[in-house]
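As C-alpha coordinates, the structure follows; a few thoughts come after it.
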Amino acid sequence: MTLSKNKIKYIHSLELKKNRKAEHVFLAEGPKLVGDLLGHFPCRFLAGTAEWFSSAPSIQAEEMVEVTEEELARASLLKTPQQVLGVFGQRDEAMDPAILSHSLCLALDGVQDPGNLGTIVRLADWFGIEHIFCSPDTVDIYNPKTIQATMGGIARVKLHYTSLPEMITNLDISIPVYGTFLDGKDMYKQPLSGNGLIVMGNEGKGISPEVSALINRRLYIPNYPAGRDTSESLNVAIATAIVCAEFRRQVSYR
(Lines give C-alpha, C1' and ligand atoms only; values in the text may rest on other atoms or scores of the structure.)
Protein backbone atom coordinates (compact mmCIF):
# COMPACT_ATOMS: atom_id res chain seq x y z
CA MET A 1 0.00 0.00 0.00
CA THR A 2 1.31 3.44 -0.88
CA LEU A 3 0.92 6.67 1.03
CA SER A 4 -1.89 8.62 -0.63
CA LYS A 5 -1.74 12.32 -1.38
CA ASN A 6 -4.67 12.86 0.97
CA LYS A 7 -2.87 11.09 3.81
CA ILE A 8 0.26 13.18 3.23
CA LYS A 9 -1.89 16.33 3.22
CA TYR A 10 -3.50 15.20 6.48
CA ILE A 11 -0.10 14.58 8.12
CA HIS A 12 1.13 18.03 7.06
CA SER A 13 -2.07 19.61 8.40
CA LEU A 14 -1.12 18.49 11.92
CA GLU A 15 1.58 21.15 11.97
CA LEU A 16 -1.25 23.58 12.83
CA LYS A 17 -2.69 23.64 16.36
CA LYS A 18 -6.28 24.12 15.19
CA ASN A 19 -6.10 20.89 13.17
CA ARG A 20 -4.46 18.94 16.00
CA LYS A 21 -7.15 20.19 18.35
CA ALA A 22 -9.98 19.37 15.96
CA GLU A 23 -8.68 15.83 15.39
CA HIS A 24 -7.43 15.41 18.99
CA VAL A 25 -4.16 13.94 17.66
CA PHE A 26 -0.47 14.78 17.25
CA LEU A 27 2.48 13.75 15.11
CA ALA A 28 5.71 12.05 16.21
CA GLU A 29 8.67 10.93 14.11
CA GLY A 30 11.63 8.61 14.51
CA PRO A 31 12.14 5.08 15.92
CA LYS A 32 13.09 6.18 19.46
CA LEU A 33 10.23 8.66 19.90
CA VAL A 34 7.55 6.54 18.26
CA GLY A 35 8.72 3.51 20.23
CA ASP A 36 8.49 5.43 23.52
CA LEU A 37 4.97 6.68 22.76
CA LEU A 38 3.50 3.33 21.72
CA GLY A 39 1.62 1.93 24.68
CA HIS A 40 1.26 5.36 26.30
CA PHE A 41 -0.88 7.02 23.62
CA PRO A 42 -3.39 5.39 21.26
CA CYS A 43 -1.75 5.06 17.85
CA ARG A 44 -4.05 6.10 15.00
CA PHE A 45 -1.63 5.72 12.10
CA LEU A 46 1.91 4.48 11.40
CA ALA A 47 3.98 4.91 8.25
CA GLY A 48 7.31 3.11 8.36
CA THR A 49 9.96 1.62 6.13
CA ALA A 50 10.27 -2.14 5.68
CA GLU A 51 13.41 -2.02 7.81
CA TRP A 52 11.55 -0.38 10.69
CA PHE A 53 8.60 -2.76 10.57
CA SER A 54 10.95 -5.76 10.57
CA SER A 55 12.56 -4.46 13.76
CA ALA A 56 9.17 -4.00 15.45
CA PRO A 57 7.06 -7.04 14.49
CA SER A 58 4.49 -6.81 17.30
CA ILE A 59 3.52 -3.16 16.81
CA GLN A 60 -0.18 -2.37 16.85
CA ALA A 61 -1.96 0.66 15.39
CA GLU A 62 -5.36 1.42 13.90
CA GLU A 63 -3.74 1.84 10.48
CA MET A 64 -0.25 0.90 9.28
CA VAL A 65 1.42 1.52 5.94
CA GLU A 66 4.83 0.33 4.75
CA VAL A 67 6.50 3.11 2.76
CA THR A 68 9.68 3.80 0.87
CA GLU A 69 12.14 6.38 2.15
CA GLU A 70 11.01 8.69 -0.68
CA GLU A 71 7.38 8.45 0.40
CA LEU A 72 8.33 9.05 4.02
CA ALA A 73 10.31 12.13 3.01
CA ARG A 74 7.23 13.58 1.30
CA ALA A 75 5.13 13.07 4.41
CA SER A 76 7.70 14.02 7.06
CA LEU A 77 8.01 17.45 8.68
CA LEU A 78 11.68 16.77 9.45
CA LYS A 79 14.59 17.75 7.21
CA THR A 80 15.95 14.24 7.66
CA PRO A 81 13.14 11.65 7.96
CA GLN A 82 13.81 8.78 10.38
CA GLN A 83 12.24 5.50 9.22
CA VAL A 84 8.83 5.99 10.83
CA LEU A 85 6.19 8.56 11.68
CA GLY A 86 3.08 8.10 13.75
CA VAL A 87 -0.16 9.92 14.45
CA PHE A 88 -1.21 9.48 18.07
CA GLY A 89 -4.33 10.39 20.01
CA GLN A 90 -3.93 13.14 22.61
CA ARG A 91 -4.39 12.28 26.28
CA ASP A 92 -6.97 13.96 28.48
CA GLU A 93 -5.02 14.34 31.71
CA ALA A 94 -6.85 14.51 35.04
CA MET A 95 -5.55 17.47 37.07
CA ASP A 96 -5.33 17.29 40.83
CA PRO A 97 -3.25 20.07 42.48
CA ALA A 98 -3.37 18.03 45.70
CA ILE A 99 -0.37 16.09 44.37
CA LEU A 100 1.73 19.14 45.35
CA SER A 101 1.39 18.13 49.00
CA HIS A 102 3.64 15.13 48.39
CA SER A 103 5.26 15.68 44.96
CA LEU A 104 7.52 18.23 43.32
CA CYS A 105 5.91 19.75 40.21
CA LEU A 106 6.76 22.43 37.65
CA ALA A 107 4.65 25.36 36.47
CA LEU A 108 5.40 27.16 33.21
CA ASP A 109 4.18 30.75 32.93
CA GLY A 110 4.08 31.78 29.27
CA VAL A 111 6.94 29.68 27.86
CA GLN A 112 6.73 30.31 24.11
CA ASP A 113 9.48 28.36 22.38
CA PRO A 114 8.54 24.79 21.34
CA GLY A 115 12.10 23.59 21.83
CA ASN A 116 12.25 25.02 25.34
CA LEU A 117 9.01 23.34 26.35
CA GLY A 118 10.10 20.00 24.90
CA THR A 119 13.46 20.22 26.66
CA ILE A 120 11.76 21.05 29.97
CA VAL A 121 9.52 17.98 29.61
CA ARG A 122 12.65 15.90 28.96
CA LEU A 123 14.29 17.40 32.05
CA ALA A 124 11.22 16.73 34.17
CA ASP A 125 11.30 13.11 33.05
CA TRP A 126 14.99 12.85 34.02
CA PHE A 127 14.42 14.34 37.48
CA GLY A 128 11.29 12.32 38.23
CA ILE A 129 8.86 15.23 37.98
CA GLU A 130 5.63 13.76 36.67
CA HIS A 131 3.37 16.82 36.40
CA ILE A 132 3.79 20.21 34.72
CA PHE A 133 1.13 22.92 35.04
CA CYS A 134 1.10 25.37 32.12
CA SER A 135 -0.51 28.76 31.70
CA PRO A 136 -2.94 28.92 28.75
CA ASP A 137 -0.46 31.06 26.77
CA THR A 138 2.33 28.47 27.06
CA VAL A 139 3.13 26.84 23.71
CA ASP A 140 1.12 23.73 22.81
CA ILE A 141 2.77 20.54 24.06
CA TYR A 142 1.52 18.77 20.91
CA ASN A 143 3.40 21.10 18.55
CA PRO A 144 5.52 18.70 16.41
CA LYS A 145 8.73 20.55 17.34
CA THR A 146 7.86 20.27 21.03
CA ILE A 147 7.06 16.56 20.77
CA GLN A 148 10.39 15.90 19.03
CA ALA A 149 12.27 17.88 21.69
CA THR A 150 10.76 15.84 24.54
CA MET A 151 12.73 12.81 23.28
CA GLY A 152 9.97 10.55 24.60
CA GLY A 153 9.61 12.28 27.96
CA ILE A 154 6.00 13.14 27.11
CA ALA A 155 5.18 9.44 27.61
CA ARG A 156 5.83 9.77 31.34
CA VAL A 157 5.22 13.46 32.12
CA LYS A 158 1.67 14.82 32.24
CA LEU A 159 0.92 18.42 31.25
CA HIS A 160 -2.08 20.43 32.44
CA TYR A 161 -3.10 23.79 30.96
CA THR A 162 -4.80 25.96 33.56
CA SER A 163 -4.94 29.42 35.12
CA LEU A 164 -1.83 29.52 37.32
CA PRO A 165 -3.01 32.41 39.54
CA GLU A 166 -6.28 30.60 40.22
CA MET A 167 -4.55 27.27 40.88
CA ILE A 168 -1.91 28.74 43.21
CA THR A 169 -4.48 30.82 45.10
CA ASN A 170 -6.43 27.66 45.89
CA LEU A 171 -3.40 25.72 47.20
CA ASP A 172 -3.02 24.96 50.87
CA ILE A 173 -0.96 27.68 52.53
CA SER A 174 1.61 25.09 53.66
CA ILE A 175 2.63 24.20 50.07
CA PRO A 176 5.82 25.98 48.99
CA VAL A 177 5.67 27.85 45.68
CA TYR A 178 9.13 28.63 44.30
CA GLY A 179 10.22 31.00 41.55
CA THR A 180 13.54 32.39 40.31
CA PHE A 181 14.15 36.16 40.48
CA LEU A 182 17.15 38.47 40.31
CA ASP A 183 16.25 39.73 43.80
CA GLY A 184 15.68 36.23 45.20
CA LYS A 185 17.76 34.39 47.80
CA ASP A 186 20.78 32.33 46.77
CA MET A 187 19.32 28.96 45.79
CA TYR A 188 22.35 27.08 47.14
CA LYS A 189 21.93 28.57 50.62
CA GLN A 190 18.21 27.82 51.00
CA PRO A 191 16.56 24.62 52.26
CA LEU A 192 14.57 23.18 49.35
CA SER A 193 11.68 20.80 49.83
CA GLY A 194 10.81 17.51 48.19
CA ASN A 195 7.32 18.75 47.35
CA GLY A 196 5.69 21.92 46.07
CA LEU A 197 5.67 23.96 42.87
CA ILE A 198 8.59 25.43 40.92
CA VAL A 199 7.45 28.25 38.60
CA MET A 200 9.51 29.10 35.51
CA GLY A 201 8.65 32.16 33.43
CA ASN A 202 8.53 33.47 29.88
CA GLU A 203 11.79 33.62 27.90
CA GLY A 204 11.83 37.42 27.70
CA LYS A 205 9.53 38.68 30.46
CA GLY A 206 10.07 36.10 33.18
CA ILE A 207 7.26 35.26 35.59
CA SER A 208 4.15 37.42 35.18
CA PRO A 209 3.29 39.96 37.92
CA GLU A 210 0.06 38.08 38.74
CA VAL A 211 1.94 34.85 39.42
CA SER A 212 4.95 36.56 41.02
CA ALA A 213 2.70 38.01 43.72
CA LEU A 214 1.69 34.48 44.76
CA ILE A 215 5.19 32.99 45.04
CA ASN A 216 6.27 32.47 48.65
CA ARG A 217 9.84 31.22 48.06
CA ARG A 218 11.88 33.57 45.86
CA LEU A 219 15.14 32.02 44.65
CA TYR A 220 18.17 33.31 42.73
CA ILE A 221 20.59 31.28 40.62
CA PRO A 222 23.92 32.98 41.38
CA ASN A 223 26.42 33.56 38.62
CA TYR A 224 30.13 32.90 39.17
CA PRO A 225 32.10 34.67 40.42
CA ALA A 226 29.73 37.04 42.22
CA GLY A 227 29.76 40.57 40.85
CA ARG A 228 31.23 39.64 37.46
CA ASP A 229 29.63 41.15 34.36
CA THR A 230 27.64 38.40 32.72
CA SER A 231 24.61 37.63 30.56
CA GLU A 232 21.36 39.21 31.71
CA SER A 233 19.62 35.87 32.17
CA LEU A 234 19.69 32.14 31.48
CA ASN A 235 17.69 30.25 28.90
CA VAL A 236 14.54 29.00 30.66
CA ALA A 237 15.27 25.33 29.94
CA ILE A 238 18.83 25.64 31.27
CA ALA A 239 17.57 27.47 34.36
CA THR A 240 15.01 24.71 34.90
CA ALA A 241 17.75 22.08 34.75
CA ILE A 242 19.89 23.93 37.32
CA VAL A 243 16.98 24.41 39.71
CA CYS A 244 15.66 20.84 39.44
CA ALA A 245 19.14 19.41 39.94
CA GLU A 246 19.60 21.35 43.18
CA PHE A 247 16.18 20.35 44.50
CA ARG A 248 16.91 16.68 43.87
CA ARG A 249 20.47 16.97 45.23
CA GLN A 250 19.26 18.42 48.53
CA VAL A 251 16.53 15.83 48.98
CA SER A 252 18.86 12.95 48.07
CA TYR A 253 21.63 13.93 50.49
CA ARG A 254 19.58 14.79 53.59
Side-chain angles (χ1 to χ4, degrees), residues 8-30 32-34 36-38 40-46 75-79 82 84-97 105-126 129-168 197-208 210-211 235-241 244:
I8 291 174
K9 184 178 179 181
Y10 170 70
I11 292 167
H12 286 176
S13 77
L14 299 180
E15 194 167 13
L16 296 179
K17 180 179 179 180
K18 66 176 183 179
N19 295 329
R20 296 192 300 271
K21 186 175 181 179
E23 296 288 331
H24 206 56
V25 297
F26 67 96
L27 180 68
E29 301 194 51
K32 171 67 169 64
L33 180 56
V34 169
D36 280 349
L37 299 187
L38 288 167
H40 292 274
F41 295 86
C43 188
R44 310 294 189 212
F45 174 78
L46 278 177
S76 174
L77 299 184
L78 301 178
K79 290 183 179 178
Q82 301 174 28
V84 63
L85 63 79
V87 176
F88 292 86
Q90 297 181 12
R91 285 192 305 214
D92 294 316
E93 308 289 10
M95 190 186 85
D96 182 8
C105 300
L106 286 169
L108 303 181
D109 187 18
V111 171
Q112 295 293 295
D113 184 81
N116 281 339
L117 177 56
T119 301
I120 290 170
V121 171
R122 186 179 178 186
L123 287 164
D125 187 31
W126 182 263
I129 295 173
E130 298 179 348
H131 295 270
I132 300 177
F133 298 92
C134 301
S135 63
D137 59 339
T138 293
V139 65
D140 181 24
I141 180 57
Y142 294 116
N143 180 304
K145 293 179 180 178
T146 305
I147 291 292
Q148 293 300 126
T150 70
M151 294 294 287
I154 188 60
R156 292 165 293 274
V157 178
K158 298 176 175 61
L159 276 81
H160 316 277
Y161 286 79
T162 187
S163 166
L164 295 183
E166 182 178 332
M167 187 193 84
I168 296 171
L197 191 66
I198 304 171
V199 182
M200 306 302 296
N202 172 270
E203 288 87 346
K205 301 176 183 177
I207 300 171
S208 66
E210 295 80 10
V211 175
N235 169 277
V236 64
I238 292 174
T240 302
C244 289

Ignoring hydrogens and angles, tell me if any N or O in the side chain of S135 forms a donor-acceptor pair with the backbone of G110 under 3.5 Å. yes
Within 45 degrees of the axis of the six-membered ring of F88 and under 6.0 Å from its centre: does R44 put its NZ or CZ there? no
Please identify which of these residues, T146, N235, T240, meets the side chain to side chain donor-acceptor pair (under 3.5 Å) condition with N116. N235
Nearest heavy-atom pair of L123 and A241: which atoms, and what distance? CD2-CB, 3.6 Å
I'd like to know if the side chain of Y161 and the backbone of D137 have a donor-acceptor N/O pair within less than 3.5 Å. no
Atom of G115, atom of A149 and distance for their closest heavy-atom approach: O-CB, 3.9 Å
Flag the pair D125 and R156 as a salt bridge only when some basic side-chain nitrogen lies within less than 4.0 angstrom of an acidic carboxylate oxygen. yes
If you count every heavy atom of other residues, nucleotides or ligands that lies below 6.0 Å from K205 atom NZ, does the total exceed 12? no
Nearest atoms (heavy-atom pairs only) where A28 meets L37: CB-CD1, 3.6 Å
What is the distance from atom CE of M200 to atom SG of C134, rounded to the nearest 0.5 Å? 13.0 Å
Which value, rounded to the nearest 0.5 Å, describes the distance between E23 atom CD and Q90 atom CD? 10.5 Å
Locate the shortest heavy-atom distance separating N19 from S13; write the atom from each residue and the value. ND2-O, 2.9 Å
Judged by atom type as modelled, is there a donor-acceptor pair below 3.5 Å linking the side chain of T162 to the main-chain atoms of L164? no
Consider salt bridge (Lys or Arg N to Asp or Glu O under 4.0 Å). Of R20, K17, K18, which one does D140 pass it with? R20
Verify, without hydrogens or angle tests, whether Q148 (side chain) and E29 (backbone) share a donor-acceptor contact under 3.5 angstrom. yes
Using the side chain to side chain contact (heavy atoms under 4.5 Å, CB included) definition, which of the options I141, L106, I147 pairs with V121? I141
Under 3.5 Å, is there a donor-acceptor pair between the D96 and H131 side chains? no
Inter-residue atom distance C105.SG - I129.CD1, 0.5 Å rounding: 7.5 Å
Mind checking whether R91 and Y142 have side chains closer than 4.5 Å, heavy atoms only? yes
Look up atom CD1 in I11 and atom CG in L85, then write down how far apart they are to the nearest 0.5 Å. 5.0 Å
Tell me whether the centres of the aromatic rings in Y10 and F45 are closer together than 6.0 Å. no
Distance-minimising heavy-atom pair for E203 and V111: OE2-CG1, 3.4 Å
Do any N or O atoms from the side chain of T138 and from the backbone of L108 form a donor-acceptor pair under 3.5 angstrom? yes
Is a donor on one side and an acceptor on the other found under 3.5 Å between the side chain of E93 and the backbone of L159? no
Minimal heavy-atom distance between H160 and A94, with the atoms involved, is CE1-O, 3.2 Å
Exam field: side chain D109 to backbone S208, donor-acceptor pair closer than 3.5 Å: yes
Is there a donor-acceptor pair under 3.5 Å between the side chain of E15 and the backbone N or O of L77? no
Under a 4.5 Å cut-off applied to non-hydrogen side-chain atoms, are N143 and F26 in contact? no
